[in-house]
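Residue numbers begin at 1 in each chain, while the letters A, B, ... track the order of the sequences.
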Amino acid sequence: MSDTAAWKTIARGVLEIIEADDLRKKLSKGTPLNIKLGIDPTSPDVHLGFTVVMRKLRQFQDLGHRVILIVGDYTATVGDPSGKNKTRPILTHEDVLKNAETYKQQFFKIVDPAKTSVIYNGEWFSKLTFTEVTKLMSQITVAQMLEREDFQKRYRGGQPISLHEFLYPMMQAYDSVMIDADVELGGMDQKFNVLRGRELQRSLGKEPQVGLFMPILLGTDGKEKMSKSLGNYIGVNEAPQAMFHKIYALPDALVESYFQLLTDIPLESIQAKLAQVAAGTLNPNALKEELARDIVRQYHGADAAEMAAIQEKRIHAGEALPENIPVFAVPAGEHWLPELIVKAGMAKSNGEARRLIENGGVSFDDAKIGDPKAKAMVSGRHLLKCGKRNFARIEAE
RNA sequence: GGGUGGGUGCCCGAGUGGUUAAUGGGGGUGGACUGUAAAUCCACUGGCUAUGCCUACGGCGGUUCGAAACCGCCCCCACCCA
């Protein structure tokens with residue numbers, strides 16, 4: 001293929017392409033390709049983990065291709081078991097539609113809506129007859145289904161697998177047939193499903209899609225994949241300062257993959273800097289700052305990124321407090337401190353608040369509190385601090 | 001339908017009649033250290049303004065001075081056989 005720059009863009013960060021040769025052929029046709037992404041709008045809070053795939057979609061668009069976003073309103077009512085060790089809770093159709101709207105609003109922060117078609121798969125699944133479903137399911141055997149790692153693990157580990165979960169991969173495959181997908185994007189956990197699409201297309205005499213698999217972005221804990229339920233995520237809707245801080249405080253080991261998957265900064269430049277860090281000639285924080293700035297810029301603009309960077313430094317130097325400290329109004333007078341801490345949402349119960357105090361993590365107006373029975377006199381404006389980065393303003397009503 | 005093994009705190013997992021929110025690990029939170037990261041160390045990790053009271057070991061009943069543990073029924077899960 002002559003267009004090596006385009007190929008380089010497409011291949012950046014990609015874990016696996018099945019088959020790369022097929023993709024080269026498709027690209028060389030010179031006509032816009034159908035790039036498919038299927039989503040289950042289960043959790044409308046889009047975080048950076050999702051953006052890895054979205055950014056890839058955007059790169060395809062910038063090269064002239066068309067994105068088809070399949071909203072799995074029907075598949076969501078089945079619940080994709082991919083990568084899960086449990087049956088997923090089934091959503092109501094109403095929830096799915098509502099979530100889809102929220103999802104799209106965030107999706108289009110990255111993906112170009114002008115080059116995107118949004119299609120609900122209920123469009124065809126609501127019309128399939130039982131006979132057609134039977135025919136679809138006859139395309140696969142139980143043994144093939146159990147090849148999928150997560151099914152296999154659950155089966156061996158004595159975890160339940162509901163039969164309806166077997167429908168999911170075939171439904172996803174059917175989507176690809178219906179829209180004539182050329183490329184389907186997904187994480188490695190989607191490999192099995194995407195390959196079903198490839199095979200189903202082929203068996204129906206269509207040109208099979210190419211599977212393009214992106215790595216799973218690890219979360220801020222550096223261990224598990226980024227996910228809302230694990231609380232290790234960075235949301236695309238987060239405020240600049242919060243976003244900046246989370247990226248800046250990332251474990252070192254994650255920096256390279258974040259650069260690769262979440263920015264367009266040339267890989268050579270990153271590798272050169274990482275080498276300097278390893279050699280001890282560059283402070284790792286400088287690299288994290290560059291990363292944080294770039295990502296915050298993408299979602300909030302250059303000015304906000306600059307402000308966040310300055311603010312972050314001030315906070316750590318102890319010169320400033322974060323912006324947007326939540327304010328809680330209470331009646332003037334004496335208040336038992338644990339009660340204030342709970343009110344400010346820094347602890348779930350009075351008991352937890354007492355323990356925080358006993359552990360020496362609480363200060364009120366810069367005075368450390370050691371006694372869980374302590375009371376605070378509230379008149380005017382006060383600063384309550386729990387731990388290193390949890391601040392709240394307490395104001396007299 | 002028959003058989004076997006299970007259901008314990010956020011997760012995993014000890015515990016089989018008798019102080020005690022219930023060993024241990026993971027995770028989480030706070031502190032020390034540090035680069036704001038990692039690693040390490042220490043503390044905390046059901047609720048209640050609390051020398052005590054309440055709630056908790058799948059559910060409901062029962063035995064007992066006393067049960068997560070014993071008995072009965074029920075619900076749920078896995079595996080084997082059909």
Between A/Q190 and A/Q172, a side-chain donor and acceptor under 3.5 Å: yes
Distance-only side-chain donor-acceptor flag, A/D175 / A/N121, under 3.5 Å: yes
Over all strands shown, is [X] touching base, sugar-phosphate only, or nothing at heavy-atom distances under 4.0 angstrom?
X	answer
A/P251	sugar-phosphate
A/K373	nothing
A/K348	nothing

Contact nearer the 5' end of RNA chain B, comparing A/H335 with A/L250: A/L250
Closest-nucleotide 5' rank along RNA chain B - winner of A/W336 and A/D252: A/D252
Given B/G47, B/U49, B/U29, the nucleotide with the shortest approach to the side chain of A/S349: B/G47
In whole Å, measure the gap between the [atom1] atoms of [N] and [M] for me.
N	M	atom1	result
B/G17	B/C71	C1'	13 Å
B/U29	B/C74	P	45 Å
B/A68	B/U16	P	15 Å
B/G62	B/C53	C1'	27 Å
B/G15	B/A69	C1'	8 Å
B/G52	B/G6	C1'	38 Å
B/G7	B/G30	C1'	34 Å

RNA chain B: stems of at least 3 consecutive Watson-Crick or G-U pairs whose donor-acceptor distances fall under 3.5 Å: B:1-7 with B:75-81, B:10-12 with B:24-26, B:27-32 with B:40-45, B:46-48 with B:52-54, B:58-62 with B:70-74
Taking every non-hydrogen atom, the tightest pair across A/P284 and A/D252: CB-OD2, 4.4 Å
Residue pair A/C386 / A/I341: nearest heavy atoms and the distance that separates them: SG-CG2, 4.0 Å
A/Y299 six-ring centre to A/R297 NZ/CZ under 6.0 Å and within 45° of normal: no
Row check, A/Y233 ring normal vs A/K246 NZ/CZ: under 6.0 Å, within 45°: yes
What integer distance in Å separates [X]:[atom1] from [N]:[atom2]?
X	N	atom1	atom2	answer
A/E312	B/A37	CD	C1'	13 Å
A/N350	B/G46	CG	C1'	13 Å
A/R355	B/G28	CZ	P	17 Å
A/E289	B/A37	CD	C1'	15 Å
A/R354	B/C44	CZ	C1'	14 Å
A/N232	B/G28	CG	P	9 Å
A/K385	B/G31	NZ	C1'	12 Å
A/N390	B/U29	CG	P	10 Å

Within 6.0 angstrom of A/E149 CD, more than 12 heavy atoms from elsewhere: no
Close aromatic pair by centroid cut-off 6.0 Å: A/F125 and A/Y174: yes
Donor/acceptor link under 3.5 angstrom from A/D221 side chain onto base of B/G27: no
